[in-house]
Amino acid sequence: MASYKFICFLAMVSLMITNISASKACHPDDLKGLNEFKAGIHSDTSGRLSKWIGQDCCSWPGISCNSTTNRVVEIYLPGHYVDGDDESPKFVSSTMSGSISPSISLLTSLQVLDLNKLVGLTGQIPESIGLLKNLKDLNLETNQISGTIPKSVFTNLTSLTILNLANNHLTGGISENIGNLQALQKLFLSNNSLTGTIPASITKLHSIFYINIEKNQLVGEIQLPSSPAQWPLIRNLALDNNRLTGVIPDSIGYLTTLTEISVSNNQLTGPIPSCLGNIKNLQILKVNNNNLSVDKLPTSICGLTTLSVLYVSQNKIHGPLPECLSSFKYLLNVDVPFKRTAVLPIGVHRV
């Protein structure tokens with residue numbers, strides 16, 4: 001009888017060990033996807049990928065899993081990160097060389113894919129990335145990724161809140177389907193070689209906070225909402241260093257939440273809209289190096305008392321600076337073409 005009980009005890013222990021091992025095992029698709037990703041990376045100076053061993057992928061560096069389903073929800077492998085603990089943090093800078101495997105699409109529960117500032121990632125963004133319909137944060141900033149942005153990013157990844165592909169070698173245009181990304185809050189596509197026009201559908205991004213598509217080869221007119229309700233949360237709009245033409249639309253006055261507007265180094269014409277005075281919290285205004293033409297700056301600029309940066313030179317603007325600028329206590333940097341100017345606040349740096 002005792003022998004029988006002992007055998008039952010051993011069976012129960014064995015079953016418990018099996019269940020514990022199973023609970024720690026990675027989902028087969030996640031495991032395959034991660035191992036294929038690792039195989040696509042030729043070097044990792046941080047050594048994080050060398051610790052991707054065994055079946056328990058949820059314990060691997062840079063990987064986070066859902067505590068209930070045990071599915072991988074985050075791949076966080078940035079080039080600059082903090083190692084160690086809160087008492088003795090260690091700041092680490094690392095690089096990775098290689099490309100992103102199309103098998104990344106096997107991680108169907110993935111919400112965060114952050115490979116920013118790894119410097120050495122090359123190749124294209126796989127079209128299959130569009131299968132990651134739960135993805136909220138896609139950050140591939142500061143690498144050497146080339147090719148076009150897959151259409152599947154704009155058509156399928158409707159849960160995205162952050163899309164950061166800045167500082168790469170991307171070509172082609174911005175898809176008109178960008179308007180599908182209704183949850184998008186931050187869009188960073190700067191410092192690439194993107195061509196074509198700014199899609200009109202960009203005005204449908206009702207949750208957007210930041211738009212930075214500077215330093216590309218974009219042409220055509222600036223696309224802005226036609227009603228105040230379309231970009232109710234927008235704070236930063238950076239379109240400088242492109243080849244944009246046309247005027248600065250009067251509808252820019254609808255964007256009353258803006259703190260920064262930069263359209264420098266384009267081919268814009270027409271006046272500086274007086275409706276800029278509606279943007280009471282504006283801190284940075286850069287319209288220099290265009291073909292803007294006006295007798296003098298609009299008097300409505302006197303309402304922008306929080307301005308700290310004002311760049312308007314290299315245009316066809318005449319007349320003196322408004323006297324009101326002398327009372328702007330936050331104004332630190334001014335780039336103006338005027339010979340006869342108002343007295344500016346002490347400490348202002350004229351660029």
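Predicted, not measured: the structure shown is a model, and the values here were computed from it. Counting begins at 1 with the first residue of the sequence.
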Using atom types as modelled and distance alone, determine if a side-chain donor or acceptor of S93 lies under 3.5 Å from a backbone N or O of H80.
no
Distance-only donor-acceptor check, side chains N288 and Q314, under 3.5 Å
no
N143 side chain to V119 main-chain N or O, any donor-acceptor pair under 3.5 Å?
yes
Taking the side chain from N242 and the backbone from I213, do they hold a donor-acceptor pair closer than 3.5 Å?
yes
Determine whether a donor-acceptor pair (N or O, by modelled atom type, separation under 3.5 Å) exists between the side chain of S152 and the backbone of E127.
yes
Given 3.5 Å as the limit, does a donor-acceptor pair link the side chain of S201 with the main chain of E176, or not?
yes
Got a donor-acceptor contact below 3.5 angstrom from the T245 side chain to the Q267 backbone?
no
How would you list, by chain and number, every residue that makes a side-chain contact (heavy atoms from CB on, under 4.5 Å) with S308, sequence neighbours excluded?
Q283, I284
So, taking the atom named CG in N70 and the one named CG in D56, what distance separates them when rounded to the nearest 0.5 Å?
7.5 Å
Sorted by chain and residue number, the disulfide bond (SG atoms under 2.5 Å apart) partners of C275 (sequence neighbours excluded) come out as none
Per the side-chain contact (heavy atoms from CB on, under 4.5 Å) rule, which among P271, P322, S274 passes with P298?
S274
Return yes when atom CZ of R71 has more than 12 non-hydrogen atoms of other residues, nucleotides or ligands closer than 6.0 Å, and no otherwise.
yes
Go through the side-chain N and O atoms of T142 and N167 and say whether any donor and acceptor fall under 3.5 Å apart.
yes
What I want to check is whether the side chains of D335 and S313 have a donor and an acceptor closer together than 3.5 Å.
yes
Using a 3.5 Å distance criterion without hydrogens, assess whether the side chain of S101 forms a donor-acceptor pair with backbone atoms of G40.
no
Taking atom NZ of K186 as the centre, report whether more than 12 heavy atoms of other residues, nucleotides or ligands fall under 6.0 Å from it.
no
Honestly curious: do Y254 and F209 fall in one hydrophobic cluster under the side-chain, below-4.5 Å linking rule?
no
Say whether, by atom type as modelled, one donor and one acceptor occur between the side chain of N266 and the main chain of R243 under 3.5 angstrom.
yes
Can a salt bridge be assigned to the pair E141 and K117 using a cut-off of 4.0 Å between side-chain N and carboxylate O?
yes
Under the criterion side-chain contact (heavy atoms from CB on, under 4.5 Å), which of L107, I129, L77, D137 is the partner of L113?
I129
Could you check if a side-chain atom of K38 sits within less than 4.5 angstrom of a side-chain atom of W60, using non-hydrogen atoms only?
no
Is the SG-SG separation for the cysteine pair C65 and C58 below 2.5 Å?
yes
I'd like to know if the side chain of N168 pairs up with that of N192 as donor and acceptor (distance under 3.5 Å, no hydrogens or angles considered).
no
